[in-house]
2 protein chains.
Amino acid sequence: MKESINKSLEIKKVKPTAMRQLVLDILSKQEHAIGLPELEAQFAQADRTTLYRTLKTFVTKKVIHSIDDGTGTIKYAICKDTCQCNPNELHVHFYCTKCEKTTCLTDIAIPDVPLPQYYIAENINMVVKGLCDKCSKKN
Amino acid sequence: MKESINKSLEIKKVKPTAMRQLVLDILSKQEHAIGLPELEAQFAQADRTTLYRTLKTFVTKKVIHSIDDGTGTIKYAICKDTCQCNPNELHVHFYCTKCEKTTCLTDIAIPDVPLPQYYIAENINMVVKGLCDKCSKKN
DNA sequence: AAATACTTTGCAACTTAGTTGCACCAATAA
DNA sequence: TTATTGGTGCAACTAAGTTGCAAAGTATTT
Ligand SMILES: [Mn+2]
Ligand SMILES: [Mn+2]
Ligand SMILES: [Zn+2]
Ligand SMILES: [Zn+2]
């Protein structure tokens, strides 16, 4: 709803323009992560650039996080209000090769990996590919 | 050297054409994973399509593995002769945001993640972004 | 050896996602 | 009100990847 969307934007210090409210509203209703092309498709008429820049702003301000699922199109999904996208609070993502949906496994934290000496981690992307629960049952 | 390259191709059952030998030779000399555009640049004159299809064949036949490092260009690196690219034998990759190189951390296995019920893992991509050993020291 | 089938290669054309420059508009501060 | 700042929309572009198709090369059969 409108209220919680404005609250999210306020928390993350993003000016709540009409466009941004709309985009965030759509994103918040998604069951799966979506990409710019899919987002664009949800509008009867909207400019790709504006949506592109809205997503970019959202990512910078940590309203949403981006997911590189290996399909060639970056996906996006909402962050929790408390999320700061630090390496230690990141979760695993899942890409289903059958239904081609990308899911946030919000409950599964990315495990800590030991890096070789002098390597410094700033961010981690972990995507498991395979069959999602719905698709694995349909066999 | 030529010998080991032909051996690799033989092991993975790929017909050793001149083009494939050349590509594999270049790939085997790389310190970091490279993408199609970079591979193309290493040839004075070569057709992108052929290189593209060579890489595709190599990935299918597990001569090389692909790495989605989040830059928008898929990177490729050689697999061990014994590699079957099963989820349990995959390693972590590292992308340095400073030198922009993608490295195989071959010694660091991707940790096993517990998936929610009915999810089936076929493949995993884990990329850590940050500063590599060389770049972190140069500060 | 010649004919046939199959595979690989090269060219051109195309798709798609992402990105940039620039002008215009809206909100806000001076 | 005017100046400044930030957001939006359009058009044009880049870069990576991908496809169809024909030519060239390789292997197999007759
Ligand atoms: Mn997520
Ligand atoms: Mn690797
Ligand atoms: Zn699925
Ligand atoms: Zn580096």
Side-chain angles (χ1 to χ4, degrees), chain A residues 5-6 9-10 12-27 32-61 63-77 95 100 102 125 127, chain B residues 5-6 9-10 12-27 32-61 63-77 95 100 102 125 127:
Chain A
I5 281 167
N6 282 337
L9 292 175
E10 193 190 327
K12 300 297 173 68
K13 292 179 179 145
V14 178
K15 211 190 284 180
T17 66
M19 194 75 244
R20 287 172 182 169
Q21 286 173 335
L22 264 156
V23 170
L24 190 53
D25 183 51
I26 288 175
L27 285 170
H32 303 282
I34 61 167
L36 173 54
E38 282 162 277
L39 177 63
E40 203 185 345
Q42 305 229 9
F43 285 84
Q45 181 260 25
D47 179 52
R48 191 165 70 261
T49 314
T50 306
L51 297 175
Y52 164 72
R53 287 196 267 236
T54 302
L55 289 174
K56 220 173 165 184
T57 305
F58 281 1
V59 170
T60 310
K61 296 300 186 71
V63 176
I64 61 176
H65 59 280
S66 68
I67 306 143
D68 190 330
D69 59 13
T71 58
T73 359
I74 314 268
K75 304 299 190 310
Y76 302 89
Y95 175 75
E100 302 183 335
T102 304
N125 187 42
V127 177
Chain B
I5 279 165
N6 281 337
L9 292 175
E10 194 189 327
K12 300 296 174 69
K13 292 181 178 146
V14 179
K15 215 188 284 180
T17 66
M19 194 74 240
R20 286 170 185 171
Q21 287 173 335
L22 264 154
V23 170
L24 190 51
D25 183 52
I26 289 175
L27 285 170
H32 302 280
I34 60 167
L36 173 54
E38 283 163 276
L39 178 64
E40 203 184 346
Q42 305 231 8
F43 286 84
Q45 179 260 25
D47 180 53
R48 190 166 68 262
T49 314
T50 306
L51 297 176
Y52 164 73
R53 287 197 268 236
T54 302
L55 290 174
K56 220 174 166 182
T57 305
F58 282 180
V59 170
T60 310
K61 296 301 187 69
V63 177
I64 61 176
H65 59 279
S66 68
I67 307 143
D68 190 329
D69 60 13
T71 58
T73 0
I74 313 268
K75 303 299 190 312
Y76 302 89
Y95 175 75
E100 303 183 336
T102 303
N125 186 45
V127 176

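Remark: C1' of C:dT8 and CG of B:L22 are 14 Å apart, rounded to the nearest angstrom. Between the P atom of C:dT16 and the CD atom of A:E40 lies a distance of 12 Å, rounded to the nearest Å. Rounded to whole angstrom, the span from the CZ atom of B:R53 across to the P atom of D:dG25 amounts to 17 Å. Rounded to an integer number of Å, the gap from CD1 of A:I34 to P of C:dG18 is 12 Å. Atom CG of A:L9 and atom P of D:dG6 are 18 Å apart (whole Å).
B:T73 comes within contact range of the sugar-phosphate backbone alone, with a heavy-atom separation under 4.0 Å but no base atom that close.
Of the candidates C:dG18, D:dT18, C:dG10, C:dG10 carries the atom nearest the B:D47 side chain, counting heavy atoms from C-beta on. Nearest nucleotide to the side chain of A:M19, out of C:dG18, C:dT9, D:dG9: D:dG9. Distances were taken from every side-chain heavy atom of B:R48 (C-beta onward) to each of D:dG17, C:dT9, C:dA12; the shortest belongs to D:dG17.
The minimum heavy-atom distance linking A:L36 with A:Y76 is given by the pair N-CE1, 4.4 Å. Of all non-hydrogen atoms in A:K75 and A:E38, the two that sit nearest each other are CE-OE1, 3.6 Å. Looking at every heavy atom in both residues, B:T57 comes nearest to B:V14 through CG2-CG1, 4.3 Å.
Regarding contacts with the backbone of C:dG18, every side-chain N or O of A:Y52 stays at 4.0 angstrom or more from both OP1 and OP2. Listed pair A:T17 / D:dT8 meets the phosphate criterion, a side-chain N or O lying under 4.0 Å from OP1 or OP2.
No hydrogens or angles were tested; on distance alone, a donor-acceptor pair under 3.5 Å links the side chain of B:T49 to the base of C:dA12.
The residue among B:L36 and B:K15 whose nearest nucleotide of DNA chain D lies closer to the 5′ end is B:L36.
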